[in-house]
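Side chains included, hydrogens not; waters and symmetry mates left out as well; all remaining heavy atoms used. Order of appearance sets the numbers: ligands from 1, and atoms from 1 within every ligand.
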Amino acid sequence: MMNNLSIKKKLLIYNILIQIIILGVFSFSLYKTLEISSLDKIKSTLKIVLLDVVDDIIDHKDDLTKDIFHEEIEYKFKPLFIRLLQVDEKVTKINGTKFPDIFKYDINKLHSLKKDIIYFERNDTYVLSKMKITLDEKTYVVEVATDYRVLNSTFENLFYILIFIVPIILIFSIIGGYFLIHKSFLPIENILVSLKDISAKDLSKRLEINNNKKDEIDLLRQEINNLLSRLDNSFEKISQFSSDASHELKTPLTIIRGEIEIALRKDRDKDDYKKTLSTCLDEILSIQETVNDLLFLAKNEFSTENIDTVIYLDEIAIDSKKELENFAKTKDIQLILEINEPHEIKGEAKLLKIALKNIIKNAIIFSHDKSKVLIKNYILNDKIIIEVEDFGIGIDKNNLKMIFEKFYRVDKSRNKHSGGTGLGLSISEKIISLHNGKIEVESTENKGTKFKLLFHR
Ligand code: ADP
């Protein structure tokens with residue numbers, strides 16, 4: 001049932017329950033403490049009266065049946081019951097007032113009492129104190145009692161005070177609690193109202209903050225703002241990515257459609273049809289490449305089953321070089337490998353080869369014909385590094401920051417000719433970061449570019 005209530009209502013109910021328990025325990029303890037201390041007081045008064053009575057008995061030992069207790073009976077302490085018992089073979093009351101029937105004589109018990117020691121007894125609502133004394137070789141027991149109900153009026157008063165005060169305290173504490181809860185939840189309610197205003201379409205709005213580092217709600221607002229910024233960024237990237245992706249696919253499709261439409265306008269000879277088909281095939285291959293790259297990037301996780309396998313980076317470099325040798329030959333470019341010693345890491349060889357080959361392929365594509373590409377593998381500052389250096393067209397500073405973005409190409413028209421999808425470096429970066437490594441790049445326009453893949457040892 002509580003689950004359906006708002007947090008505010010739940011807190012209020014908990015607050016009321018806790019207050020009731022606290023006030024209940026407090027009232028009960030107060031009542032009990034007072035009861036115990038009152039009983040102690042009764043006992044000490046009874047003790048004083050008892051000692052007075054014993055004094056009177058000693059003073060009047062010649063005739064103990066006389067009216068010797070009038071002083072005590074006139075005490076303000078009422079009701080007071082006194083009796084003097086002579087104890088030998090039988091028990092005889094020889095003086096005293098009317099005594100509560102509840103305290104019967106028990107001769108054996110009276111005999112067993114120790115001399116000159118004060119005993120207390122409680123029975124029903126009565127408290128009794130007694131002492132055994134010996135006078136002229138006769139044994140007496142003096143008993144003084146009072147009715148405990150004498151305190152009832154005091155307790156009744158306390159009870160009424162508590163009955164009256166406890167609800168008042170409770171009402172005030174509920175009002176106080178409600179005020180506190182309302183006050184604490186107000187900023188959260190304001191945040192909720194503001195958040196309802198921020199839709200996925202307009203993530204640019206932010207919550208107002210006071211920059212107070214000690215205010216938890218303000219910290220929450222700041223965190224929500226940070227989250228919104230990240231979401232805004234991601235949405236921006238996703239929408240940019242979708243429009244880039246559709247553009248990349250639309251262009252070759254438009255070319256294919258144009259080529260086919262022109263070819264169909266009139267009858268053409270065999271060579272014209274061959275030319276059209278070959279252009280279409282090129283464009284289809286480009287679509288296929290883009291789709292493959294997109295699928296590769298879209299996979300949330302690459303097949304990382306072998307990521308814990310020990311692999312040798314120098315072998316990856318040798319294999320990548322070997323596989324790209326023919327491609328380099330088309331531009332008469334020399335691939336030079338410089339490896340000092342084997343370097344092992346834990347990883348997935350197939351993926352690392354894709355990453356490295358993308359970088360070497362770019363180095364070949366953006367090199368001038370007949371130049372060279374250096375591939376080195378070495379250790380520096382406890383990092384294993386694979387370096388790919390070319391002496392080609394280079395990348396200017398502004399573009400250097402963007403080359404890892406998906407579909408980003410420095411010069412789209414020239415790159416189109418070279419056949420890239422603009423996804424190669426994004427793929428390489430994803431693979432390297434999967435191996436806890438990172439890519440660094442240095443480049444000077446018209447001089448060349450150096451890519452470094454850094455891995456932990
Ligand atoms: P692509 O598949 O088009 O090569 P990449 O993501 O691999 O896409 O590269 C992005 C862009 O970065 C390239 O289009 C190119 O403009 C630039 N680039 C990458 N490597 C080099 C390089 N070695 N020299 C000059 N420019 C480069």
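Ion pairing between a basic and an acidic side chain is recognised when a charged N comes within 4.0 Å of a carboxylate O; Lys130 and Glu121 show such pairing. Salt bridge present: Glu323 and Lys353 bring a charged side-chain N and a carboxylate O closer than 4.0 Å. With respect to the salt-bridge test (charged N to carboxylate O, under 4.0 angstrom), the residues Glu259 and Lys275 do not qualify. Salt bridge absent: Arg265 and Glu261 never bring a charged side-chain N and a carboxylate O closer than 4.0 Å.
Against a heavy-atom cut-off of under 4.0 Å, Ile403 is close to the following atoms of ligand 1: 6 (O), 10 (C), 12 (O), 17 (C). Taking every non-hydrogen atom of Gly424 and a distance limit under 4.0 Å, the qualifying atoms of ligand 1 come out as 2 (O), 5 (P), 6 (O), 7 (O), 8 (O).
Under a 4.0 angstrom heavy-atom cut-off, Phe451 registers as being in contact with ligand 1. Contact between Gly392 and ligand 1 is absent, with no heavy atom of the residue lying under 4.0 Å from the ligand.
Residue Phe366 has no N or O atom closer than 3.5 Å to an N or O atom of ligand 1. The N/O atoms of Val410, backbone and side chain alike, include one that comes under 3.5 Å of an N/O atom in ligand 1. Every N/O-N/O distance between Gly394 and ligand 1 stays at or above 3.5 Å. Between Ser426 and ligand 1, no pair of N/O atoms sits closer than 3.5 Å.
A donor atom on one side chain and an acceptor atom on the other are not found under 3.5 Å apart for Gln288 and Asn292.
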